[in-house]
Amino acid sequence: MLRGLYAVTPECPDAAILVSAVEAALAGGVRLVQYRSKSPDATLRLEQAMTLRRLCRRYAVPLIVNDDLELAARCEAEGVHLGRDDTPLAQARRVLGPGRIIGVSCYDSLDLARGAAAGGADYVAFGSFFPSRIKPHAPRPSVDLIARARRELSVPIVAIGGITRDNAALVIDAGADMIAVVNGIFSAVDVERAARELQVLFEEEATTHERS
């Protein structure tokens, strides 16, 4: 079961800086890493993805590649994350096979999530729940969407968009299995500490649930 902090990498042309930051996040307890790069340099993206795949495997944490199915297959990542205009889910499953993770962005649409779950997605992602510098014009669903999806869907639910230590509990308490975070981790002075402070929210939520 996918659960916990989902780190999404920032744009970073310097592979050494990127790897150092991701390793700090992994040390802080990240449960899933997504390599996200819009660089037109295919060689750079392949180099970074392969380096991160080796790093993540040392920590036994799956690496997901954003949008690029070919890159996910070439670097032998554990999965791919698909947006509305990316490779169709069925095609991605044929290429990657049954054992890989395929996540699908569903924005503010429960209908999209229903379709993705029925089509074999391993998780669905909603957001942006809060203002985001990465995607300032993304749809802004209410937190109630998570609760509605939780009642209806059996696949893990990921919340994304502007999530910080101050607001993460809102989406976790609503039923999010994972929170996908970029700046809330990688813009921190202490990346490891920022990751740990976010990951511990899931442990606190589980303890509260057991007591209730």
Side-chain angles (χ1 to χ4, degrees), residues 1-9 25-26 29-36 52-53 56 59-69 71-73 77-130 132 134-135 138-139 141 143-163 168 170-182 184-185 195 198-199 201-202 205-206:
M1 177 69 172
L2 297 171
R3 182 167 176 78
L5 180 57
Y6 186 173
V8 181
T9 63
L26 288 164
V30 161
R31 297 295 191 261
L32 202 64
V33 172
Q34 181 184 130
Y35 174 60
R36 182 182 186 275
L52 290 178
R53 189 259 296 164
C56 287
Y59 283 83
V61 169
L63 175 70
I64 307 299
V65 171
N66 178 269
D67 292 349
D68 193 332
L69 177 61
L71 178 60
E78 280 70 34
V80 68
H81 182 89
L82 304 173
R84 196 195 314 264
D85 300 320
D86 297 329
T87 306
L89 173 57
Q91 181 181 341
R93 182 60 72 196
R94 285 195 298 272
V95 171
L96 295 182
R100 304 290 180 91
I101 299 168
I102 300 179
V104 177
S105 289
C106 300
Y107 311 100
D108 59 351
S109 173
L110 188 52
D111 283 340
L112 284 178
R114 291 186 187 109
D122 295 289
Y123 69 79
V124 295
F126 296 109
S128 176
F129 284 98
F130 309 103
S132 168
I134 304 297
K135 293 189 175 182
V143 172
D144 180 62
L145 177 61
I146 299 173
R148 289 162 53 207
R150 178 75 293 139
R151 290 192 295 268
E152 185 172 331
L153 304 177
S154 59
V155 296
I157 295 168
V158 177
I160 191 169
I163 296 175
L170 293 173
V171 291
I172 296 172
D173 291 346
D177 297 289
M178 304 197 88
I179 51 172
V181 182
V182 185
I185 299 173
L198 286 163
Q199 175 58 32
L201 294 175
F202 288 92
E205 192 272 342

Only counting residues at least two apart or in another chain, list the ones meeting side chain to side chain donor-acceptor pair (under 3.5 Å) with Tyr35.
Gln48
Gap separating the CZ atom of Arg100 from the CD atom of Glu78, nearest 0.5 angstrom:
7.0 Å
Once you round to the nearest 0.5 Å, how far does CD1 of Ile172 lie from CG of Leu198?
7.5 Å
Quick check: do Pro141 and Phe129 have side-chain heavy atoms less than 4.5 Å from each other?
yes
Using side-chain heavy atoms (C-beta onward) and a distance below 4.5 Å, is Val124 in contact with Ile157?
yes
All heavy atoms of Ala25 vs all of Ile185, minimum pair found to be CB-CG2, 4.1 Å
Specify the closest pair of heavy atoms between Ala116 and Leu89, including all atoms of both residues, with the distance to one decimal.
O-CD2, 3.6 Å
Within a strict 4.5 Å, meaning less than it, do heavy atoms of the Ile64 and Ile101 side chains meet?
yes
So, the side chain of Thr9 versus the backbone of Arg36: is there a donor-acceptor pair under 3.5 Å, distance only?
yes
Straight-line distance of Leu52 CG to Gln34 CD, nearest 0.5 Å
11.5 Å
Dump the intermediate steps for side-chain contact (heavy atoms from CB on, under 4.5 Å) on Val65 and Arg53, then the final yes or no.
CA-CA 10 Å; Val65 171; Arg53 189 259 296 164; over 6 Å; no
Side chain of Arg31, backbone of Gly29: donor and acceptor closer than 3.5 Å?
yes
Could Arg150 and Asp177 be called an ion pair, given the rule that one side-chain N must be under 4.0 Å from one carboxylate O?
yes
On the 0 to 90° scale, with breaks at 30° and 60°, tag the His81-Tyr123 ring pair as parallel, tilted or perpendicular.
parallel
Between atom OH of Tyr6 and atom CD1 of Ile179, what is the distance when rounded to the nearest 0.5 Å?
13.0 Å
If we only count heavy atoms from C-beta on, is the Val33 to Leu26 side-chain gap below 4.5 Å?
yes
Could you pull out the closest heavy-atom pair between Val80 and Ala92, with the gap in Å?
CG1-CB, 4.4 Å
Shortest non-hydrogen contact from Ala113 to Phe126?
CB-CZ, 3.4 Å
side-chain contact (heavy atoms from CB on, under 4.5 Å), paired with Leu5, selected from Leu32, Leu201, Ile163, Val30
Val30
Checking Arg93 against Asp122 for the side-chain contact (heavy atoms from CB on, under 4.5 Å) test, could you report, in this order, the C-alpha distance in whole Å, the side-chain angles of both residues, the deciding distance, and whether it holds?
CA-CA 11 Å; Arg93 182 60 72 196; Asp122 295 289; 2.8 Å; yes
Point-to-point distance, once rounded to the nearest 0.5 Å, from CG of Leu110 to CD of Glu152:
5.0 Å
Just how far is it from atom CG of Asp86 to atom CG of Asp68, taken to the nearest 0.5 Å?
9.0 Å
Smallest heavy-atom separation, Ala176 atom then Ile146 atom, equals N-CG2, 3.4 Å
Looking only at heavy atoms, the pair that brings Val143 and Leu170 closest together is CG1-O, 3.6 Å
